[in-house]
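In what follows, chains carry the letters A, B, and so on, assigned in the order in which the sequence lines appear, proteins first and then strands, with residues in each chain numbered from 1.
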Protein chains: 2
Amino acid sequence: MSTTAPAVRRTQAERSDAMRRRLLAATVESLAEDGYAGSTLSSIVRRAGVSRGAQVHHYPNKQALILDAADDLLRSSYRTLGAVLLSVADEDNRLEMLVKATWEQLFATPLYRAYSELLVASQRDPVLAEALRGMLLRVSKVFEPAVEHYFMQAPGMPAPGTRENLKAVFLQFSCLLAGLASQAHLFNDPAYVAAQLKLWTRQAQLVMRARKGVRTPPPRPAEWDRPVLD
Amino acid sequence: MSTTAPAVRRTQAERSDAMRRRLLAATVESLAEDGYAGSTLSSIVRRAGVSRGAQVHHYPNKQALILDAADDLLRSSYRTLGAVLLSVADEDNRLEMLVKATWEQLFATPLYRAYSELLVASQRDPVLAEALRGMLLRVSKVFEPAVEHYFMQAPGMPAPGTRENLKAVFLQFSCLLAGLASQAHLFNDPAYVAAQLKLWTRQAQLVMRARKGVRTPPPRPAEWDRPVLD
DNA sequence: TATGATACAGTCCAGACTGTATGTAAATAA
DNA sequence: TTATTTACATACAGTCTGGACTGTATCATA
């Protein structure tokens with residue numbers, strides 16, 4: 001009667017995979033809650049409920065763990081963004097829903113808190129900066145086709161370079177969300193955020209329109225459904 | 001012939017004042033260069049070229065120093081913003097100049113780097129958050145009258161609440177700049193920032209106009225010229 | 001089943017950081 | 001001048017962190 005023995009026989013790959021997942025999840029959690037500097041190895045392994053040895057076995061040093069967590073983080077955001085894009089597929093007021101959903105499901109989440117910690121840390125860590133750069137690039141590679149899939153230049157806009165314009169407007173959107181997210185906790189009136197989202201939506205509607213009759217999901221790259229870990 | 005003796009007799013208040021300035025300047029510098037977590041008391045006093053005892057004499061603990069540095073930082077930004085607002089006083093393309101100057105002289109500076117460090121730290125430090133909140137409020141109390149002094153709702157805009165609209169558009173502006181500043185180091189193409197500034201300027205010009213013939217400086221609150229230290 | 005590889009646990013250590021305590025010089029007050 | 005407060009300097013104590021190191025359990029393979 002071995003009550004303690006788990007007796008679940010797992011393959012080495014399964015064990016490693018599960019352990020790495022626990023460590024990465026704990027790291028991202030810790031980044032969001034305790035910040036970059038507060039995310040010590042000790043606190044992370046405590047949060048993950050594993051030993052110090054497990055961490056050192058899978059990640060030779062702290063930077064390796066952080067980098068992998070950053071990758072994990074961006075991959076999650078990537079998938080969340082995908083869900084957001086799909087969720088606004090057959091709406092009438094598509095832009096408004098997209099704005100709202102992007103804020104609520106992406107920027108007003110612990111995930112973005114963790115990301116912003118990495119962002120400021122990357123100001124002084126070229127390796128981390130390069131990693132974030134590459135990941136941002138991948139995210140935009142998904143977002144931009146989706147934007148073109150759903151939206152078009154508003155008629156009568158005398159703007160040259162339609163495609164570039166849409167991209168610029170959505171880059172503006174991301175900057176606005178980033179700025180809002182970084183300051184939102186200082187606003188005593190939470191309605192400010194809603195008002196800002198509404199304002200941008202109105203402005204954007206001046207230069208773009210949702211394509212009519214688009215009921216298919218946006219282009220979905222292959223790596224979309226790739227598992228979180230390589 | 002006392003070669004070493006400085007023999008400059010200073011009053012106690014002068015000594016304290018000078019020392020505090022050195023400490024605050026070093027702290028803000030350190031925040032910008034080494035980040036919040038990297039700004040240790042040891043590194044700050046080393047940067048300031050003073051001893052550990054000087055710091056502990058003027059600031060009982062780290063938080064007190066950081067809080068005072070935050071105050072100093074916001075006060076500097078406050079004055080810089082004032083200079084920016086005055087510098088665009090008699091320009092024709094006032095909005096464009098204001099945008100450019102605000103970016104270059106405020107957000108693309110080490111000062112804002114330091115501020116952004118405090119901003120993320122304030123996510124987990126309620127005291128710091130409250131301090132930043134109060135100081136932001138003071139800054140906006142200067143900025144908003146200046147905005148109304150220089151700009152007006154564009155004619156033919158069917159928007160209710162002119163005053164509130166202008167405020168919202170400039171809050172959008174500040175969020176955009178904050179977002180840009182937090183990510184700018186990831187953009188490999190520095191032209192992105194310029195393009196974004198241009199884009200926002202164009203959009204803002206749709207809803208506002210520079211008042212004609214305004215050649216007086218914006219309202220200048222009394223505390224404007226108050227010295228940095230109380 | 002025997003042997004080696006992999007996964008994980010727990011501990012130790014050198015360095016760094018903050019706060020404190022004590023000592024000295026400079027300025028003000030008496 | 002002398003006494004006393006203020007400004008600064010130095011030394012130290014306690015805590016924490018990240019990396020190294022050793023030992024044990026689990027899995028793969030022959």
Side-chain angles (χ1 to χ4, degrees), chain A residues 2 4-27 30-31 34-69 117 121 124-125 127-128 229, chain B residues 2 4-27 30-31 34-69 117 121 124-125 127-128 229:
Chain A
S2 67
T4 56
V8 280
R9 189 174 176 90
R10 293 182 303 168
T11 173
Q12 298 277 57
E14 284 169 347
R15 292 176 67 184
S16 288
D17 205 61
M19 176 58 78
R20 262 195 271 257
R21 280 178 203 276
R22 296 181 68 175
L23 283 171
L24 291 183
T27 304
S30 179
L31 281 172
D34 306 331
Y36 186 82
S39 295
T40 72
L41 290 178
S42 323
S43 81
I44 290 174
V45 299
R46 195 182 322 126
R47 189 183 287 269
V50 302
S51 81
R52 196 65 212 298
Q55 169 262 310
V56 74
H57 176 71
H58 290 286
Y59 299 99
N61 50 42
K62 190 176 181 179
Q63 171 165 304
L65 174 59
I66 295 288
L67 278 183
D68 205 19
E117 292 288 337
R124 261 165 298 281
D125 185 341
V127 180
L128 186 54
L229 288 172
Chain B
S2 66
T4 55
V8 280
R9 190 173 175 90
R10 293 182 303 166
T11 173
Q12 299 275 56
E14 284 170 347
R15 290 176 68 182
S16 287
D17 205 63
M19 177 58 79
R20 262 196 270 259
R21 280 178 203 277
R22 295 180 69 175
L23 282 170
L24 291 182
T27 304
S30 180
L31 281 172
D34 306 332
Y36 185 83
S39 293
T40 73
L41 290 176
S42 323
S43 82
I44 291 174
V45 298
R46 196 181 321 127
R47 189 183 288 268
V50 302
S51 81
R52 192 70 209 296
Q55 168 262 310
V56 74
H57 177 69
H58 291 284
Y59 299 99
N61 50 41
K62 189 174 180 179
Q63 173 165 304
L65 174 59
I66 295 288
L67 279 182
D68 205 19
E117 292 288 337
R124 262 165 298 280
D125 185 339
V127 180
L128 185 56
L229 287 171

Could you tell me the separation between the CG atom of A:D34 and the P atom of D:dT17, rounded to a whole number of Å?
11 Å
Are A:I66 and A:D125 side-chain neighbours, meaning at least one heavy-atom pair lies under 4.5 Å?
no
B:H58 has its side chain closest, among D:dT17, D:dC8, C:dT6, to D:dC8
Partners of B:R52 by side-chain hydrogen bond (donor to acceptor under 3.5 Å, both in side chains), sequence neighbours excluded?
B:Q55
Here the distance between atom P of D:dG18 and atom CG of A:L41, to the nearest Å, is 4 Å
Suppose we screen for side-chain contact (heavy atoms from CB on, under 4.5 Å). Which residues come up paired with B:A25, at least two apart in sequence or across chains?
none
B:R22 CZ to D:dC8 C1': how many Å, rounded?
12 Å
Set of residues satisfying side-chain contact (heavy atoms from CB on, under 4.5 Å) with respect to B:S42, sequence neighbours excluded
B:T40, B:R46
Would you kindly give the CD-to-P distance between B:Q55 and C:dT18, to the nearest whole Å?
8 Å
The side-chain hydrogen bond (donor to acceptor under 3.5 Å, both in side chains) partners of A:T27 (sequence neighbours excluded) come to none
Keeping the roles fixed (side chain from B:S39, backbone from B:S30), state whether a donor-acceptor pair exists under 3.5 Å.
yes
Heavy-atom nearest nucleotide on DNA chain C taken for B:A13 and for B:N61; more 5' hit belongs to B:N61
Taken to the nearest whole Å, CD/B:E14 to P/D:dT6 is 17 Å
Nearest to the side chain of A:K62, which nucleotide is it out of C:dC8, C:dG19, D:dG18?
D:dG18
Can you figure out which of C:dA7, D:dC8, D:dG18 approaches the side chain of B:R15 most closely?
D:dC8
Output all residues satisfying side-chain hydrogen bond (donor to acceptor under 3.5 Å, both in side chains) with A:R47, sequence neighbours left out; order by chain, then residue number.
A:E29, A:E33, A:D34
Just how far, in rounded Å, is C1' of C:dC8 from CZ of A:R21?
19 Å
5' precedence on DNA chain D between B:A54 and A:G38 (nearest-nucleotide basis)
B:A54
Scan nucleotides 10-16 of chain C against the protein and return all N/O pairs shorter than 3.5 Å with their distances rounded to 0.1 Å.
none

Would you kindly give the CD1-to-C1' distance between A:I66 and D:dG19, to the nearest whole Å?
15 Å
Presence of A:H57 side-chain N/O under 4.0 Å of C:dC8 phosphate oxygens OP1/OP2
no
